[in-house]
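Read the structure below first, then the notes.
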Amino acid sequence: MSSKEKAVLVTGGAGYIGSHMVLTLLEAGYAVVVLDNLANASQESLRRVAKLAGTAPEFVEGDIRDRQCLDALFAQYAISHVLHFAGLKAVGESVAEPLRYYENNVFGTLTLCQAMATAGVYRLVFSSSATVYGNGQPLPIHEGLPTGRPTNPYGTSKLMVENMLQDLARADERWSIALLRYFNPVGAHASGRIGEDPNGKPNNLVPFIAQVAVGRREALSVFGNDYPTPDGTGVRDYIHVLDLVEGHLAAMNVLVSRSGASVWNLGTGRGYSVLDMVQAFEHASGQPVPYRVEPRREGDIAECWADPARAYQELGWQASRGLDDMLADTWRWQLANPEGYAGPNKPAH
Ligand code: NAD
Ligand code: UDP
């Protein structure tokens with residue numbers, strides 16, 4: 001990449017959502033720089049992205065908390081936008097190690113913003129989460145609702161960053177910031193070459209079901225069947241990871257002619273229960289997904305789905321892939337890579 005060419009910086013670009021973002025950007029003709037400390041990712045994801053795209057992103061192994069590393073990166077590349085995915089995301093771990101989460105997610109983002117301002121880069125897209133709405137919101141959840149009280153330090157770190165970025169945009173009109181509140185990202189690229197590769201036992205429903213279907217785990221634990229929902233199990237708004245990253249492209253384009261901080265939900269507007277997901281996965285995979293009902297998981301809410309109207313009106317974006325696509329793509333990835341990136345498909349270098 002020539003030093004004058006404008007590029008998009010993707011922090012956390014080796015991770016699950018980031019790697020799909022990098023592929024979509026490369027396919028759309030953008031020059032891409034990835035910054036990742038590989039805390040929860042393998043560089044193998046980026047090797048595969050480069051093969052799929054026929055062109056590679058620049059890769060900087062480094063940390064968003066490292067100001068020197070950021071200054072050197074901004075000095076080397078002409079960055080037009082920062083898509084900021086880097087962060088820690090395991091809810092249970094955040095309860096056990098809150099300071100690690102606040103340092104990575106809050107201090108890390110603060111340091112990134114300081115380096116951006118010094119470099120004169122003011123367009124930022126932040127990976128937020130529907131968790132900032134907290135409990136007890138009327139459905140569907142729209143962006144005009146006040147944020148709530150997240151039930152764990154991970155969620156609090158997302159809300160703290162949102163508040164910090166709102167203050168920053170109010171203080172200096174050069175900033176143009178998108179706060180994208182994700183609902184439940186699932187699925188994988190249709191090639192089956194890149195996907196979600198959780199460390200150890202998956203916390204999230206779809207990776208867990210996929211590991212049961214492929215025979216890595218015996219049965220799914222369904223966390224509660226006594227919620228006030230049609231079948232008693234929790235209901236969520238699952239969104240295909242490729243729809244999600246296309247929402248980022250739309251936000252990037254709108255930021256060019258916008259100032260301030262804007263909030264957009266990225267969801268489909270449809271909710272599915274845990275048992276809906278089990279049934280749909282069995283259909284997509286042709287494999288049984290045995291499950292047993294267990295007590296509710298602490299901090300879980302009964303149901304949650306997005307009102308995606310604002311993103312449609314202001315970004316011209318809406319999710320287009322349905323549940324069958326999400327689960328067929330998850331299954332293709334899982335089947336081809338039963339051990340994730342660490343499996344036998346990993347080249348020996
Ligand atoms: P991921 O863990 O796969 O990706 C995050 C990436 O950031 C990893 O590659 C990791 O190595 C890197 N990273 C972590 N700390 C870093 C640091 N200090 N410096 C540099 N790199 C660092 O997670 P993901 O599912 O791709 O999520 C991406 C973003 O979206 C995260 O901010 C997450 O909180 C947010 N989000 C995810 C979900 C979800 O369900 N996956 C839902 C809502 C929001
Ligand atoms: N869930 C479950 N078993 C699992 C993981 C999740 O029954 O092993 C349920 C969980 O209670 C919730 C839904 O599946 O109702 C989605 O959970 P996930 O952790 O994927 O997303 P989040 O809770 O963050 O929305």
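Read the numbers this way: they start at 1 and go in the same order the structure lists the ligands and their atoms. The structure presented is a predicted model; accordingly, all values stated were derived computationally and were not measured.
The Val274 neighbourhood of ligand 2 comprises atoms 7 (O), 9 (C), 14 (O), 15 (O), with distances under 4.0 Å to a heavy atom of that residue. Atoms of ligand 2 found under 4.0 Å from any heavy atom of Arg236, numbered from 1 in the order shown, are 12 (C), 15 (O), 16 (C), 22 (P), 23 (O), 25 (O). Numbered from 1 in the order shown, with element, the atoms of ligand 2 that lie under 4.0 Å from a heavy atom of Val222 read 7 (O).
Taking the charged nitrogens against the carboxylate oxygens, Glu303 and Arg236 have no contact shorter than 4.0 Å, which rules out a salt bridge. A salt bridge does not link Arg321 to Asp329: none of the charged side-chain nitrogens sits closer than 4.0 Å to a carboxylate oxygen.
Looking only at atom types and distance, the side chain of Ser273 has a donor-acceptor partner in the side chain of Asp231 under 3.5 Å away.
The protein heavy atom nearest to atom 1 (N) of ligand 2 is Phe223 CD1, 3.6 Å. Looking only at heavy atoms of the protein, atom 10 (C) of ligand 2 is closest to Asp300 OD2, 3.4 Å. Summary of contacts: the protein heavy atom closest to atom 18 (P) of ligand 2 is Asn204 ND2, 3.5 Å. Nearest non-hydrogen protein atom to atom 20 (O) of ligand 2 is Leu205 N, 2.9 Å. Protein heavy atom in closest approach to atom 19 (O) of ligand 2: Arg297 NH2, 2.8 Å. Protein heavy atom nearest atom 16 (C) of ligand 2, with residue, atom name and distance: Tyr238 OH, 3.4 Å. Residue, atom and distance of the protein heavy atom nearest to atom 21 (O) of ligand 2 are Asn184 ND2, 3.1 Å. In terms of protein heavy-atom proximity, atom 3 (N) of ligand 2 is nearest to Ser221 O, 2.7 Å.
For the atom pair Ile209 CD1 and Met277 CE, the distance stands at 6.0 Å (nearest 0.5 Å).
Looking at heavy atoms from C-beta onward, Phe74 lies in side-chain contact with Leu9 at the 4.5 angstrom threshold. Side-chain contact between Leu26 and Pro57 is present, with heavy atoms from C-beta onward closer than 4.5 Å. At a threshold of 4.5 Å between non-hydrogen side-chain atoms, the residues Arg292 and Glu218 count as touching.
Phe281 and Trp331 have perpendicular rings, their planes meeting at more than 60° on a 0 to 90° scale where under 30° would count as parallel.
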### Query
Going through the distances and angles, do Phe223 and Val274 end up as a side chain to side chain contact (heavy atoms under 4.5 Å, CB included)?
CA-CA 9 Å; Phe223 298 144; Val274 175; over 6 Å; no
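Applying the salt bridge (charged side-chain N to carboxylate O under 4.0 Å, His left out) criterion to Arg100, with sequence neighbours excluded, gives Glu93, Glu97.
Partner of Asn337 under the side chain to side chain donor-acceptor pair (under 3.5 Å) criterion, out of Arg332, Glu44, Arg48: Arg48 alone. For the pairing with Asn265, the side chain to side chain donor-acceptor pair (under 3.5 Å) check across Tyr182, Trp305, Tyr133 returns one residue only, Tyr133.
Contacts between Leu220 and ligand 2 below 4.0 angstrom, taking non-hydrogen atoms only, involve the side chain exclusively.
For ligand 1, the protein residues placed under 4.0 Å by at least one non-hydrogen atom are Gly12, Ala14, Gly15, Tyr16, Ile17, Asp36, Asn37, Leu38, Ala39, Asn40, Ala41, Gly62, Asp63, Ile64, Arg65, Phe85, Ala86, Gly87, Lys89, Asn104, Ser127, Ser128, Ser129, Tyr154, Lys158, Tyr182, Pro185.
Across the listed options Asn203, Asn152, Thr229, Ile301, Asn203 owns the non-hydrogen atom lying nearest to atom 5 (C) of ligand 2.
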